[in-house]
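The next block holds one structure in the form of structure tokens; read it before the comments.
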Amino acid sequence: SIFGILYFSCIVGLIVEAVQDYMDALRKGRTAVVEENHVVMLGWTDKSLLFIKEVINANQRDEGGGVVCVLAEEEKEVLDATIAHHFQGQMKGTKVVVRNGSRLNTPDLAKLSLDTCKAVVVLSDPDAEPNKADSEVMQVVLAMSGLDRKGHVVAEVRDVDNEKLVKMIDGDKGGEIETVVSHDIIGRLMLMCVRYPGLAAVYDAVLGFEGSEFYMENWPELNGVPFDDLQRRFPDAIPIGVKTDAGLVLNPPVDYTMQADDLLVVFADDNDTYKPMPPAEIAINRSQDAGTPNAPREPEMLLFCGWRRDLRDMIMLLDSMVVKGSELHILCTLSIQERAKQFEDGGMDVESLTNLTIRHLVGNPAIQRYLERVPIKQYSSVLILSDQSSETNIMQSDSACLATLMLIRAIQTREGAANDELPELSKQPSQSRSAAATSGETAEVPGGTTGKGSAVEDLPVVCEILDPRTQATIQANMNFACMSDFLQSNDMVGKILAMVSEEILVTAILDELLEANRCQLQVLPSDTCVLPEEELSFMELSMRARMMRNTLVGYFQVEKDQGAVHPIINPTDKTTRKTWKHTVLIVISTSEGIKSVSGNQPQEKRSRRRRVSKMQVFEHPSPHVSDHRVRRTSDGTTQESPRSHASHVSSLACDNKAVLAPGSSISKGEEHPTAHGSSIQAQNEFLLDSLNDAMQENKRQREHIDRMEQDYKKLELRMRSMTDRMLEQMTVSQKSATATPTRLRSSSLKREGTGL
């Protein structure tokens with residue numbers, strides 16, 4: 001009996017210790033994951049919550065819920081609190097499982113059940129340099145190549161030059177490896193959006209799982225059917241292209257016929273919400289009066305505020321999109337020598353640019369005195385970039401971008417570039433205003449004015465935003481929302497990663513849409529395809545658009561007394577006839593179709609751009625301007641020497657060979673009084689107050705998260721103290737159980753001695 005008690009005590013102690021270790025492992029996220037068909041996310045960055053949000057939306061629509069497994073080096077309690085606070089019960093049936101560990105460690109990766117997962121997403125470290133971050137991603141993919149893996153891998157890469165290196169890792173035990181070059185995709189998106197106002201809202205609606213998205217499927221019954229006839233066979237989807245053995249083709253030619261092995265690419269709400277139906281009876285003819293011929297494309301003059309490390313790729317893409325004689329002015333704090341060095345290190349030869357001339361301006365675009373010395377009213381569009389010097393601090397980067405935007409609008413208003421009194425339509429968010437601005441028709445818009453030439457004169461501006469909280473603040477403030485098209489880059493990357501994790505062929509579709517001189521999403525005025533008073537259904541309008549070698553996917557509708565207008569992609573009602581006045585169409589167009597809406601802009605706007613494109617020099621408003629000339633010495637190095645203002649003015653008329661080095665280094669100058677200075681200052685103070693309120697709210701949210709983390713730590717300490725007390729009690733009980741038989745034996749011996 002004594003040994004039984006000892007044995008029982010040891011067993012109880014071992015069980016308690018095992019349970020304690022298991023509970024501790026669960027609390028710290030060190031146990032293995034037992035799931036199937038789940039999505040694995042390796043790493044925790046500022047895109048993680050955005051990615052989880054899109055996966056939640058996808059799981060809700062397809063499966064009614066799913067599992068996202070996260071492996072990160074952060075503490076599990078902290079990440080659980082962050083996820084719970086961000087979604088606040090809006091998980092929609094999806095469970096997020098957090099595990100603590102290093103994604104470079106193979107045993108930690110083995111705990112994630114990679115052999116049963118649906119996809120693995122490897123996030124790039126935003127705090128590291130691009131090459132170091134891509135090297136870590138490549139090591140993670142290499143570590144997974146030795147493990148059994150069912151799903152494909154989606155790797156986020158920050159430098160396009162490293163994309164091929166990641167794809168060269170071919171895992172013999174797993175699926176395909178697909179890369180998403182986040183900076184490259186966002187750069188191309190911004191170029192498309194700045195040249196076609198309204199596209200930022202279109203891509204925001206197209207990407208992600210809210211609304212319609214891309215789907216591919218093979219339909220054997222469509223073998224031999226002309227692609228143009230498919231518009232009448234899919235009332236719940238929009239066919240946009242085919243995937244053949246030769247590759248992906250969006251907006252196929254009008255004479256293309258479906259083959260037996262073709263995958264049909266469509267816009268649809270879900271993969272089970274559409275199927276081919278008998279063709280609807282539609283007899284449509286092309287209107288003889290609708291549509292305007294393309295006007296000759298004019299040279300453009302663009303301003304980039306800020307510097308990105310992949311700016312060389314954006315410049316080369318822009319050079320293939322514009323016509324000869326176009327100019328690009330770059331205003332940032334980076335010195336001329338450093339810009340030339342980065343161009344050279346990136347393999348960019350400025351002399352190879354055929355259509356674009358680069359002008360360098362040195363200064364901080366978030367400071368008024370620097371922006372006042374650039375010809376704002378002469379630019380055809382402005383792109384505000386998140387500068388690489390502050391991209392790790394997303395709140396600081398967003399504040400600088402918003403400050404630049406407000407200064408540009410204030411200077412534009414003061415110089416008379418914008419109308420003194422804008423109609424109510426121009427006070428709506430930029431997507432609706434920009435979309436309506438592209439329409440060349442004379443239309444009655446809210447406010448009793450005519451739409452022709454009113455909002456069109458507003459300078460198109462695209463502003464990059466990193467923090468989703470900033471985007472929420474902008475949407476809640478109409479004064480901010482009407483200033484620009486805002487492109488939330490981190491949100492876009494999160495949506496793209498989620499879409500590629502669900503369907504790997506999405507990258508091919510995005511590459512096709514974002515490549516120059518190929519298929520592109522565009523916004524066109526409705527009078528391109530239909531007369532103002534003509535009544536057509538959406539399906540009939542789609543057939544007519546196909547006659548013009550375009551694929552209609554949606555539209556903007558602008559009506560009186562309507563607030564924020566969002567693009568409608570794949571409308572549910574495609575058969576009801578209506579007029580299309582005050583409507584802007586969203587189409588996928590090739591180089592053979594309508595390339596730009598510039599041909600439908602007012603003649604005054606086009607002539608103004610011609611005058612700008614012919615201008616060879618410009619004067620700064622203040623004589624306190626210094627310039628620098630960079631010359632190359634005999635040993636191959638560069639030296640900088642100051643020049644006078646007169647030589648600076650003459651240097652701006654040079655070609656690319658001379659313009660790469662020279663630039664205008666803007667110095668401190670005097671402020672110029674204006675008649676509208678007080679009103680502009682009041683508006684700026686109001687906007688700055690709104691921005692400060694938003695930052696204070698973000699600060700309060702962070703303090704709330706910190707308090708929650710402290711509460712969790714206190715709870716953890718209490719649990720540990722309770723566990724220690726339980727162990728002490730178990731130890732005392734074990735000692736008492738051991739001492740009891742000894743006392744019993746001593747008393748028996750005494751009794752025996754007494755008897756003797």
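All residue numbers refer to positions in the sequence shown, counting from 1.
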Check Glu221 against Pro276 and note the closest heavy-atom contact, atom names and distance. OE2-CG, 3.2 Å
Whether over 12 other heavy atoms sit under 6.0 Å from Lys53 NZ: no
N-O pairing of Asp161 and Arg312 below 4.0 Å: yes
For Val249, the side chain to side chain contact (heavy atoms under 4.5 Å, CB included) test, sequence neighbours excluded, returns Val242, Pro252
Treating Arg308 as the side-chain partner and His183 as the backbone partner, does any N or O pair qualify as donor plus acceptor under 3.5 Å? yes
Test your reading of the model: is there a side-chain donor-acceptor pair from Gln471 to the backbone of Pro468, 3.5 Å cut-off? no
Is a side-chain donor or acceptor of Asn59 paired with a backbone partner of Thr94 at a separation under 3.5 angstrom? no
Checking the side chain of Asn570 only, and the main-chain atoms of Ser212 only, is there a donor and an acceptor separated by less than 3.5 Å? no
Step by step, work out the side-chain contact (heavy atoms from CB on, under 4.5 Å) result for Val68 and His38. CA-CA 6 Å; Val68 180; His38 57 288; over 6 Å; no
Within a reach of under 6.0 Å around NZ of Lys324, are more than 12 heavy atoms found that belong to other residues, nucleotides or ligands? no
Could you tell me whether the side chain of Trp580 and the main chain of Leu536 form a donor-acceptor pair under 3.5 Å? yes
Heavy-atom closest pair (Asn251 atom, Asn550 atom, distance to 0.1 Å) is OD1-C, 3.7 Å
Residues Lys167 and Glu163 bridged, charged N to O under 4.0 Å: yes
Side-chain donor/acceptor of Asp485 to backbone N/O of Gly198, under 3.5 Å: yes
Non-hydrogen atoms of Ser380 and Pro460 that approach each other most closely: O-CD, 3.3 Å
Ring geometry between Trp219 and Tyr274 (parallel below 30°, tilted from 30 to 60°, perpendicular above 60°): perpendicular
Is there a donor-acceptor contact under 3.5 Å from the side chain of Thr551 to the main chain of Ile240? no
Measure from the side-chain N and O atoms of Asp134 to the backbone N and O of Asn162, and report whether any donor-acceptor pair falls under 3.5 Å. no
Flag, side chain of Thr583 to backbone of Lys581, donor-acceptor distance under 3.5 Å: yes
More than 12 heavy atoms of other residues, nucleotides or ligands under 6.0 Å from CE of Met348: is that the case? yes
Looking at side-chain heavy atoms only, is the closest gap between Asp204 and Asp491 below 4.5 Å? yes
Closest heavy-atom pair and its distance - Pro567, Ile586: CB-CD1, 3.7 Å
Checking side-chain polar atoms at under 3.5 Å, does Glu300 have a donor or acceptor matched by the opposite partner on Ser326? no
Heavy-atom check, side chain of Leu189 versus side chain of Met192, under 4.5 Å: no
With a 4.0 Å cut-off on N to O distance, would you call Lys118 and Glu502 a salt bridge? yes
Less than 3.5 Å apart, any donor N or O on the side chain of Glu217 or Tyr215 sitting next to an acceptor on the other? no
Check: Cys529 main-chain N/O paired with Arg544 side-chain donor or acceptor under 3.5 Å: yes
Given side chains that start at C-beta, do those of Leu42 and Leu123 come closer than 4.5 Å, heavy atoms only? no
Is there a side-chain contact between Ile169 and Met138, using heavy atoms and a 4.5 Å cut-off? yes
